[in-house]
Asks: 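I am attaching a structure below and will ask some questions about it afterwards.
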Amino acid sequence: MKQEEIAHLANLARIRLSDEELENLEEKLSLIVEYVSVVSDIAAGDDDAAPQVGARHNVFRKDEVTNEPDQYTKDILAEMPATEGRFMAVKKILDTDSE
Amino acid sequence: MKTVAELRTAYIKGEMKPSEAVAAALAVIKEKDEEIHAFLAVYEDALEAAKAADTLYAEKGADTPPLLGVPIALKNNILMKGKKATAASKILENYTAVYDATIVEKLKAAGAIVVGATNLDEFAMGGSTENSAFGPTKNPVDTTRVPGGSSGGSAAAVAMGAVPVALGTDTGGSIRQPASYCGLVGFKPTYGAVSRYGLIAMGSSLDQAGPLTNSVADAELIHHTIAGLDKMDATTITDDTYPAVTTKDAYTFGVPRHFLKEGVDASVLEAFEQHIAVLTAAGHKVVDIELPLFEKGLAAYYIVMPAEVSSNLARYDGIRYGLSVEGDNLLDVYEKTRAEGLGAEVKRRVLLGTYVLSSGYYDAYYGKAELVRKQMRQELDEVFKTVDIILTPTAPTPAFKFGSNEDPLAMYKQDIFTVPVNLTGVPALTFPMGTVEGEGKQLPVGVQYIGPHGGDARLFHIGKAIYDERT
């Protein structure tokens, strides 16, 4: 695995990596990827397995409010890094000035 | 007082009060934890709850909740309302849980008193507790060695005598391997037996919570307290999800001999052979079995788990809670927060997961790994037609020295016997099968009993007969 490829993955994963980290990951990730590559040899044939006992399916409940108004609001707001009143504050993502 | 059962009896008879037991727990932590570092937080308010329990026992005796006044510890990736839930990560260093995990709600309802939160590998990723952002935990049996991981703090808390029970989580062996290294009982339930609501998610199709204790009976009691269908976790199962698994007077154990050929310490194999002798002497049958796919589970695990990790950890973005590092724009905030807040092993797994899920690689890695997983389940179903329990060592070695497994692959291979259990969702119990010598010290090693889906009760049944009633 090359450093450019790892830099691309880091971009997808929203993690900024230092040059040192990139170098270290090049070696370690390559080793792991090589190790796990055997799965393509292990899995025999195609997926024709019969449905299994205990296999999970979607579990639904009625679409209704299950908690009291404001039951958790104060506590959850208190954990937010930036708030304005009852709102979470985030950075602008649309640049409307350039129109 | 080493077990919950002993404590409970003493409380009911009035020989001991919960406030004395909780005070004793806090005293042990004060005395030993500076060196061991099993705890990330200690809850002094536990004493208040203990005094209330004193009064209840005085009034009602045996007519009280089954865990009333029992001091317990929680791995710090389990949410308890009003307490910090850090997952041993800088990114959640100051995060306070806003609700109780279902298992915490159940433990509280049963009267248990939480005395503290225990250390772990960051986000439960590791097998030594060396990956904690707040420093490693030492093994109370030999402080030059790791306690195992990721539930290393929970294992050390019980092993050093602070609490009779600590809760852990197990994604690939994180309850069983530290239990083995610290000489304890550890239990990983059938997937879905215990609610994951309020556990900080790592690999959602693999994670289960369970106890670390000094006896199988205690593990059973705690498991029954926390298990059950939960409307907050759609993956929880009912008693009839799987066909009934019976208990018997004499069981047939299957040993995957081929699996033990490489990478297992000779001393561990010797203890394992002695354990087989114990089983046959007790009238059980031990036969050889083949599990060719099961043996290769580790490779599939290191695809499925990081894939789920990369998805689950996407939520730590510096916006909604936890650490937030200021940046020029939104993307900058995300990238800087995650760069600063996540440790090296966590970053490695997130990137690996991103890789195996990315376009062009998905089929070759994730798709194949899920297929292997399905075929492993079929292989297990076949084997369980002829044997009742699969027998392996819990880990290939006893507790190792700090810093001796810096190569990630070497560390991952400590989980070779435990990860197939999570990949297939079956239950497994570990308890000490003996000790092996390591530089003049006697180091505990565990044996692993693997049951079929829904066979949790069978494992407790045989575990109590073999371990709790040992002579």
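Per chain, numbering begins at 1; letters A, B, ... match sequence-line order. Note: hydrogens, waters and symmetry copies are ignored here, and every other heavy atom, side chains too, is used.
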Asks: Given heavy-atom pairs under 4.5 angstrom as the criterion, report whether the side chain, backbone, both or neither of Tyr412(B) touches chain A.
Replies: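 Side chain only.
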Asks: Is the number of heavy atoms from other residues, nucleotides or ligands within 6.0 Å of NZ (Lys91(A)) greater than 12?
Replies: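 Correct, the count exceeds 12.
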Asks: Tell me, for Ile93(A) versus chain B, whether the close heavy atoms (under 4.5 Å) come from the side chain, the backbone, both or neither.
Replies: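 Contact with chain B is through the side chain of Ile93(A) alone.
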Asks: Quick check on the interface: out of Leu409(B), Leu352(B), Thr96(B), who has the most heavy-atom pairs with chain A under 4.5 Å?
Replies: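 Max contact count across the listed options: Thr96(B).
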Asks: Please rank Ile319(B), Val350(B), Thr190(B), Asp407(B) by heavy-atom pairs under 4.5 Å with chain A and give me the top one.
Replies: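 Most pairs with chain A among the choices: Ile319(B).
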Asks: For the pair Arg61(A) (side chain) and Lys231(B) (backbone), establish whether a donor and an acceptor sit closer than 3.5 Å, ignoring hydrogens and angles.
Replies: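 Side chain of Arg61(A) to backbone of Lys231(B): no pair is present.
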Asks: Under a 4.5 Å heavy-atom cut-off, does chain A meet the side chain of Ala300(B), its backbone, both or neither?
Replies: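 The answer is both parts of Ala300(B).
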Asks: Taking the six-membered ring where the residue is Trp, are the ring centres of Tyr35(A) and Tyr302(B) under 6.0 Å apart?
Replies: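 Ring-ring flag for Tyr35(A)/Tyr302(B): false, centres at least 6.0 Å apart.
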Asks: If I measure from the heavy atoms of chain B, does Leu17(A) come under 4.5 Å with its side chain, its backbone, both, or neither?
Replies: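 Side chain only.
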Asks: Please identify, among Thr337(B), Leu323(B), Asp332(B), the residue contributing the most non-hydrogen atom pairs under 4.5 Å to chain A.
Replies: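 Most heavy-atom pairs within the cutoff with chain A belong to Asp332(B).
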Asks: Any side-chain to backbone donor/acceptor pair from Arg320(B) onto Asp317(B)? Under 3.5 Å, distance only.
Replies: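 Not confirmed, Arg320(B) side chain does not pair with Asp317(B) backbone.
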Asks: Does any N or O in the side chain of Arg16(A) come within less than 3.5 Å of the main-chain N or O of Ala339(B), such that one atom is a donor and the other an acceptor?
Replies: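 Not a single qualifying donor-acceptor pair exists.
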Asks: If you count heavy-atom pairs under 4.5 Å with chain B, which of Met80(A), His8(A), Met88(A) comes out on top?
Replies: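 Going by pairs under 4.5 Å, I would pick Met88(A).
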Asks: Kindly say whether Ser205(B) contributes a backbone atom to a donor-acceptor pair with the side chain of Glu308(B) at under 3.5 angstrom?
Replies: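 Checked: pair present.
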Asks: Check each atom of Asp328(B) against the heavy atoms of chain A and say whether the ones under 4.5 Å are side chain, backbone, both or neither.
Replies: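 The answer is the backbone of Asp328(B).
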Asks: Where on Ile15(A) is there a heavy atom nearer than 4.5 Å to chain B: the side chain, the backbone, both, or neither?
Replies: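 The answer is both parts of Ile15(A).
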Asks: Checking Val333(B) against chain A: side chain, backbone, both or neither under 4.5 Å from a heavy atom?
Replies: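 For Val333(B), side-chain heavy atoms alone lie under 4.5 Å from chain A.
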Asks: Taking side chain as everything from C-beta outward and backbone as N, CA, C, O, which of these in Tyr366(B) sits under 4.5 Å from a heavy atom of chain A? Side chain, backbone, both or neither.
Replies: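 For Tyr366(B), there is no contact with chain A at all, as no heavy atom is under 4.5 Å.
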Asks: For Ser310(B), is it the side chain, the backbone, both or neither that has a heavy atom under 4.5 Å from a heavy atom of chain A?
Replies: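 No part of Ser310(B) comes within 4.5 Å of chain A.
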Asks: Taking the six-membered ring for Trp, is the centroid-to-centroid distance between Tyr99(B) and Tyr72(A) below 6.0 Å?
Replies: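 For Tyr99(B) and Tyr72(A), the ring centres are not under 6.0 Å apart.
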Asks: If only atom types and distance count, is the side chain of Glu21(A) paired as donor or acceptor with the main-chain N or O of Ser18(A) below 3.5 Å?
Replies: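 Answer holds: yes.
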